[in-house]
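Start at 1 with the first residue, then count along the sequence.
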Amino acid sequence: MEFRLGLRSGLVMVVLALTLSGERVEAQNRAGCKNVHYDLAFILDTSSSVGKENFEKIRQWVANLVESFDVGADKTRVAVVRYSDRPTLEFNLGRYKSLGEVQRAAGNIRYIGGNTMTGDAISYTTQNVFVERNGARARAKGIQRVAILVTDGRSQDYVLEPSKEAAASGIRVFAVGIGEALKVELEEIAAEPKNAHVFHVADFNAIDKLRGRLRRRLCENVLCPNMKVQADRFKPNSMSYGLEQVPGFDLMEYFNVRDILGTRDDEGQSSYVRLGTMPIVQKTEDVFPQGLPDEYAFVTTFKFRKSSRREDWYLWQVFDKYGIPQVSIRLDGENKAVEYNAVGLTMDAVRAVFKSEEVDDLFDRSWHKIALSVEAKSVSLYLDCKHIQTLAIGDREDIDIQGKTVIGKRLYDSVPIDFDLQRMMIYCDSKHAELETCCDLPTGPCPKKVVTEPPPVQIPTPTPTAVEQIRGPEANCSCPPGEEGPAGEPGVPGTKGEQGNIGLPGTMGPIGARGLKGEIGKVISVKGDRGEKHPVAMVIPAHATTAYK
């Protein structure tokens, strides 16, 4: 294991060195929420507890976040409210018409100092920002209204009633807390569901790490495309039952895995592909152009082959432009474990390892389904549609889309792994991990259609007419069979089969003829310095050479 880790670290360092020396390191470039148009207001705490230095970080954070949007009069409009003792409109929704103008204005937001009157700031925003006289568009146009409130401490007035007023006005409020901001108060401010609209970091230095997560929440209606699903995909008693499309990513489509080697033998077994001859790699920005959602479900149906079930490999992995893993699902054949890994928001890595007797069953050579439900604070494993375990995890960082995404590579040298793959997809709803059926498994619980041969249809013999009876039967003329055609071309050679098991030991052969009797050899010795004798060789008779060989 130490050798593997050392080799892996060496490969990472080589890739890093080559990248830094041979290419210009570019800033991460995301496609952003270019198809989402908002009336967007920032409500920024400028109280004394923030401080000028930290408020500069907030100004830069605002300028960076708006890059995710296509800013314009008929696209996303941006406003800023700053508050301490009282709220002030820094600029309204109708003032600036381009991204550059908004970013320059964000850099000039004034810092005041004073008390923290958050409730008053929320009411002011509802009554003075999201109104048509200050650039907001009429609600009838369907433009979403979003407010992002950033604060570092407890409010000195009440926030619950102003927040209810904002929600009643159709404003979706995100609450971003820094340092000593109270979670209970942030939840009173934020829209429903609370876990999707409340964010918190320990200090101002970490606020930029929230940008990716917040951006994904704002972009969630364009983050995931719709993908087709089969009619029997979800459980009959679920809200998703009968849906033909759901938001997500069909990875086999994105990776152009189309060479079907298996066939549908019955109602419970879909076609599959046999992997292992070449790497299955794709640019991450071509698969997840907006990144991964905060919560999702990873689902795959596959089968180990003889050479892979004891390997240590990544079933699926995303790594950045330096080759550093961002998120991965690892199958440890040696220790019989399933492991989820991701980059942590406040730590180097977030990890959840599933290891049990039930997980051991995965590592045979039968078809199995793995489903992982990745949520904000936990990861749950479902194996063959049965819940195995739920493990707690820390906050995760968003992925770098400038790297690569790979299916089926060995842990320590990236060699493609031999396995059979039927399906691999990511749902943008983490609940779909537990809603999946196992109808795509040959031994799944879904009923199979049994086709029986119908009984023969009795065709009555027609009674001849009176004219036919008088005329009598006519000769039965039929054409003779034609000549036999030429033989067809030879078929395409089949795929090479797997190596068979070691055969039984063979029977013992006959006893060989007895060899010639040898002669006793003579030992040649030499005298030492003190007269003692030392044997140095044995003289073997010539006729006994064959026997000694």
Side-chain angles (χ1 to χ4, degrees), residues 1 232-235 251-252 261-262 264-276 296-317 328-341 351-375 378-393 407-411 416-427 430-448 498-502:
M1 182 61 71
D232 60 356
R233 182 62 53 82
F234 303 113
K235 294 177 181 177
L251 296 186
M252 294 182 73
L261 301 180
R264 181 182 289 274
D265 297 324
D266 55 53
E267 291 296 321
Q269 177 63 55
S270 299
S271 300
Y272 62 92
V273 293
R274 178 155 289 178
L275 303 179
Y296 58 90
F298 174 89
V299 180
T300 184
T301 304
F302 74 103
K303 181 176 72 171
F304 284 101
R305 294 176 67 191
K306 185 176 181 180
S307 60
S308 61
R309 68 190 187 97
R310 296 187 183 277
E311 291 278 9
D312 194 349
W313 57 290
Y314 292 118
L315 183 61
W316 168 69
Q317 185 183 59
S328 58
I329 295 173
R330 173 184 171 189
L331 300 180
D332 186 348
E334 183 177 353
N335 297 302
K336 290 185 169 54
V338 176
E339 184 175 308
Y340 170 83
N341 289 281
R351 178 171 298 154
V353 181
F354 300 92
K355 193 177 186 304
S356 66
E357 291 183 0
E358 293 171 305
V359 175
D360 289 354
D361 296 337
L362 173 67
F363 294 86
D364 57 20
R365 294 174 62 189
S366 300
W367 286 99
H368 290 288
K369 172 177 283 188
I370 287 178
L372 283 168
S373 175
V374 181
E375 298 187 307
S378 65
V379 178
S380 300
L381 173 66
Y382 297 81
L383 180 58
D384 297 339
C385 299
K386 179 182 178 182
H387 178 246
I388 303 300
Q389 192 177 8
T390 297
L391 298 175
I393 58 172
I407 293 175
K409 75 164 187 174
R410 195 155 59 187
L411 175 70
I417 290 292
D418 296 331
F419 71 107
D420 294 336
L421 178 62
Q422 187 180 128
R423 291 173 49 223
M424 184 177 287
M425 57 191 55
I426 290 176
Y427 295 109
S430 62
K431 299 300 182 184
H432 281 147
E434 62 180 294
L435 298 182
E436 274 257 356
T437 67
C438 278
C439 292
D440 50 349
L441 292 177
T443 57
C446 301
K448 308 294 189 295
E498 297 183 10
Q499 182 177 347
N501 296 325
I502 299 174

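The number of heavy-atom neighbours closer than 6.0 Å to CZ of R365, taken from other residues, nucleotides and ligands shown, is above 12. More than 12 heavy atoms of other shown residues, nucleotides or ligands fall within 6.0 angstrom of atom NZ in K235.
Atom OG1 of residue T301 and atom NE2 of residue H368 lie 11.0 Å apart, to the nearest 0.5 angstrom. Note that CZ of R330 is 12.0 Å distant from NZ of K409, once rounded to the nearest 0.5 Å. To the nearest 0.5 Å, atoms CZ (R310) and CG (D312) are separated by 13.5 Å. L383 CG to E358 CD: the interatomic distance, rounded to the nearest 0.5 Å, is 8.0 Å. From L391, atom CG reaches atom OG of S378 across 9.0 Å, with rounding to the nearest 0.5 Å. The distance from atom OG of S308 to atom CG of D418, rounded to the nearest 0.5 Å, is 6.5 Å.
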L331 vs F302, side-chain contact (heavy atoms from CB on, under 4.5 Å): CA-CA, chis, key distance, verdict: CA-CA 12 Å; L331 300 180; F302 74 103; 3.7 Å; yes
Audit row: H387, E434, side-chain contact (heavy atoms from CB on, under 4.5 Å) steps and yes/no: CA-CA 8 Å; H387 178 246; E434 62 180 294; over 6 Å; no
Verdict with supporting geometry, D360 and K336, side-chain contact (heavy atoms from CB on, under 4.5 Å): CA-CA 6 Å; D360 289 354; K336 290 185 169 54; 3.3 Å; yes
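In this view, Y382 satisfies the side-chain hydrogen bond (donor to acceptor under 3.5 Å, both in side chains) rule with no residue, not counting sequence neighbours. Scored by the side-chain hydrogen bond (donor to acceptor under 3.5 Å, both in side chains) test, K355 finds no partners at all (sequence neighbours excluded). Listed by chain and residue number, T390 satisfy the side-chain hydrogen bond (donor to acceptor under 3.5 Å, both in side chains) test with S380 (two or more places apart in sequence, or in another chain).
Put simply, the side chain of F298 reaches to within 4.5 Å of the side chain of L315, judged on heavy atoms. Taking 4.5 Å as the limit, some side-chain heavy atom of R305 sits within range of a side-chain heavy atom of D420. In this structure, F304 and D364 have side chains that are not in contact, with every pair of non-hydrogen atoms separated by 4.5 Å or more. At least one side-chain heavy atom of V273 sits under 4.5 Å from a side-chain heavy atom of M252. At a threshold of 4.5 Å between non-hydrogen side-chain atoms, the residues H432 and V299 do not count as touching. In this structure, the side chains of R423 and E436 come closer than 4.5 Å at one or more pairs of heavy atoms. No side-chain heavy atom of Y340 sits less than 4.5 Å from a side-chain heavy atom of L381.
A donor-acceptor pair is defined here as one N or O able to donate and one able to accept, closer than 3.5 Å; such a pair exists between the side chain of S373 and the backbone of S430.
The existence of a salt bridge linking K431 and E375 is confirmed by a sub-4.0 Å separation between a basic side-chain nitrogen and an acidic carboxylate oxygen.
Screening D440, D384, T300, T437 for a side-chain hydrogen bond (donor to acceptor under 3.5 Å, both in side chains) involving K369 leaves a single residue, D440. Of the candidates L362, L372, I370, L372 is the only one forming a side chain to side chain contact (heavy atoms under 4.5 Å, CB included) with F354. When each of W313, Y272, W367 is checked for a ring-ring contact (aromatic ring centres under 6.0 Å, His included) with F419, only W313 meets the rule.
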